[in-house]
Amino acid sequence: MSHGVPGAMPAGATAANCPDGGGKQITVQRFGFDSASEAPGRRLIVHIPQVMDADYGMYVWKCGFALAHFVWRRGGELAGKRFVELGAGTALPGVVAALVGASVTLTDRANKAGVLERCVASCLANGLEVFDGEDATLGRIEPMPPGSVRVLGVTWGEFTPPLLALLQCECPDVVLAADCFYEKADLDDFVATLFAVLSSRAPGRVEVWMTYQDRASNRALQWQDACVRWSLRCERVALAAFMPSNCRIDALDADGTVVGMNMDSVEMHVITLQGA
């Protein structure tokens, strides 16, 4: 069952300002992803409705853009895979995963209805079918076909029926997480939820693809300590391995499509459980 949301934009919309159902201004921004130089000719344009709001889950950050590039470069192997995005916000990485054929469950804080609406709006703006996640509150969810999306309220550190249903029924192959410990206080709850998802299948059957921005001198050390405490194996991936150099600076093309962002201090990691 698909559904709409106030402020959702039609697929193909261009960057423009218009009010959402709450009177806030929405800007629909285009993001462009080009194919690798060894396989030229493919380009993906994604439309993301953003709200410039004090809640930072309402617009795209550079970590989301970087992670979406990583997903795009792996696109040929993702059809039919099951993805979960934690702290999705505007959901650019998850939307890209769905557009290349994965089934995707987008999650963000259960008490942030406006952010969850942005998840839905991003999907509808790109022609994706959004499945109803209401049964998740009862502890059950139904499988989705490839290229489909579900939006669930999942608050890190809280083992509620939606999260338990996700772990028991969806069995994800890949978890996406972009800039999920912007606040230091969120780190332990985020890692606890991450560990629960990784533990839902045999070691090595689930990977986490994660980006974060090292804004503080000790943020990387805090993350490394969390990996040790939770028995996570973390492999750093150089941005140059999946983002062309001209995508790592702030750049718009002639029609206003975002084709690059300054990636200073952004880190990309692939995470599995120790022993995988």
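The hydrophobic clustering, which links ILVMFWY residues whose side-chain heavy atoms are closer than 4.5 Å, places V259 and F65 apart. Follow the hydrophobic side-chain contacts under 4.5 Å out from F159 and you reach F195 in the same cluster. The same ILVMFWY cluster, assembled from side-chain heavy atoms under 4.5 Å apart, contains both L44 and L252.
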For V270 and V208, run side-chain contact (heavy atoms from CB on, under 4.5 Å): C-alpha distance rounded to whole Å, both residues' side-chain angles, the deciding distance at 0.1 Å, then the answer.
CA-CA 6 Å; V270 174; V208 178; over 6 Å; no
Show your reasoning for whether side-chain contact (heavy atoms from CB on, under 4.5 Å) applies to L232 and L273.
CA-CA 5 Å; L232 304 180; L273 282 180; 3.8 Å; yes
With salt bridge (Lys or Arg N to Asp or Glu O under 4.0 Å) as the criterion, how do R229 and D188 come out once you've worked through the C-alpha distance, each side chain's angles and the decisive distance to 0.1 Å?
CA-CA 10 Å; R229 287 188 286 112; D188 285 341; 3.2 Å; yes
Steps toward side-chain contact (heavy atoms from CB on, under 4.5 Å) verdict (L239, M268)
CA-CA 7 Å; L239 296 184; M268 170 77 206; 4.2 Å; yes
Assess the residue pair V84 and V104 against the criterion (side-chain contact (heavy atoms from CB on, under 4.5 Å)); give the C-alpha distance rounded to whole Å, side-chain angles, the decisive distance to 0.1 Å, and a yes or no.
CA-CA 6 Å; V84 171; V104 182; over 6 Å; no
Check against side chain to side chain donor-acceptor pair (under 3.5 Å), S265 and Q213
CA-CA 5 Å; S265 71; Q213 187 175 356; 3.2 Å; yes
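Panel note: side chain S231, backbone C227; no donor-acceptor pair is recorded below 3.5 Å. Between the side chain of E85 and the main chain of L176, no donor-acceptor pair closer than 3.5 Å is present. Distance alone, capped at 3.5 Å, places no donor-acceptor pair between the T107 side chain and the L152 backbone. Side-chain N or O atoms of T105 include none that pairs as donor or acceptor with a backbone N or O of R150 at under 3.5 Å. Formation of a donor-acceptor pair under 3.5 Å by the S148 side chain with backbone atoms of M144 is not found in this model. The backbone N or O of I249 lies less than 3.5 Å from no partner atom in the side chain of N262, so there is not a single donor-acceptor pair. Using a distance-only test at 3.5 Å, with no hydrogens or angles considered, no donor-acceptor pair links the side chain of R42 to the main chain of D34. Of the possible polar contacts, one joining the D108 side chain to the A88 backbone as a donor-acceptor pair under 3.5 Å is found. Side chain of S200 to main chain of V197: a donor-acceptor pair is present (N/O by atom type, distance under 3.5 Å, no hydrogens or angles). R205 contributes no side-chain N or O that, together with a main-chain N or O of D173, makes up a donor-acceptor pair within less than 3.5 Å.
Counting only heavy atoms from C-beta outward, the side chains of V46 and L92 approach each other to under 4.5 Å. Using a 4.5 Å heavy-atom cutoff, the side chains of L198 and V175 are not in contact. Taking the side chain as every heavy atom from C-beta outward, S103 and P145 never approach each other to under 4.5 Å. Side-chain contact check for M263 versus V266: some heavy-atom pair is nearer than 4.5 Å. Side-chain contact check for I271 versus R233: every heavy-atom pair is 4.5 Å or farther apart. Taking 4.5 Å as the limit, every side-chain heavy atom of P49 sits out of range of all side-chain heavy atoms of T90. Within the 4.5 Å cutoff, the side chain of Q29 has no heavy atoms near those of the H47 side chain. Counting heavy atoms from C-beta on, the side chains of R109 and V154 never come closer than 4.5 Å.
How far CE of M58 is from CD of E117: 8.0 Å, rounded to the nearest 0.5 Å. With rounding to the nearest 0.5 angstrom, the CD atom of E267 is 10.5 Å from the OG1 atom of T211. Atom SG of C123 is separated from atom CZ of F131 by 12.0 Å, given to the nearest 0.5 angstrom. One finds the SG atom of C63 at 9.0 Å from the CE atom of M210 (value rounded to the nearest 0.5 Å). For the atom pair OH (Y212) and SG (C180), the distance works out to 13.0 Å, reported to the nearest 0.5 Å. In this structure, the separation between CZ on F181 and CG on L187 is 6.0 Å, given to the nearest 0.5 Å.
Remark: D253 engages R43 in a salt bridge, criterion side-chain N to carboxylate O under 4.0 Å. For D255 and R30, the salt-bridge test passes: some basic side-chain N is under 4.0 Å from an acidic carboxylate O.
For the residue pair T272 and E207, no side-chain donor N or O sits within less than 3.5 Å of a side-chain acceptor on the partner.
Here the closest heavy-atom approach between residue R73 and residue P244 is recorded as NH1-CD, 4.4 Å. Residue G94 comes nearest to L106 through the heavy atom pair CA-CD2, 3.9 Å, listed as atom of the first residue, atom of the second, then distance. Nearest approach of G32 to T257, heavy atoms of both residues: N-CG2, 3.2 Å. Taking both residues in full, the closest heavy atoms of V149 and A98 are given as CG2-CB, 3.7 Å, listed atom of the first, atom of the second, then distance.
Residues passing the ring-ring contact (aromatic ring centres under 6.0 Å, His included) test with W61 are Y59, Y182, sequence neighbours excluded.
Aromatic ring pairs are classed by plane angle as parallel below 30°, tilted from 30° to 60° and perpendicular above 60°; the pair W209 and F83 is perpendicular.
With respect to H69, the ring-ring contact (aromatic ring centres under 6.0 Å, His included) criterion is satisfied by exactly one of F33, F242, F31: F33.
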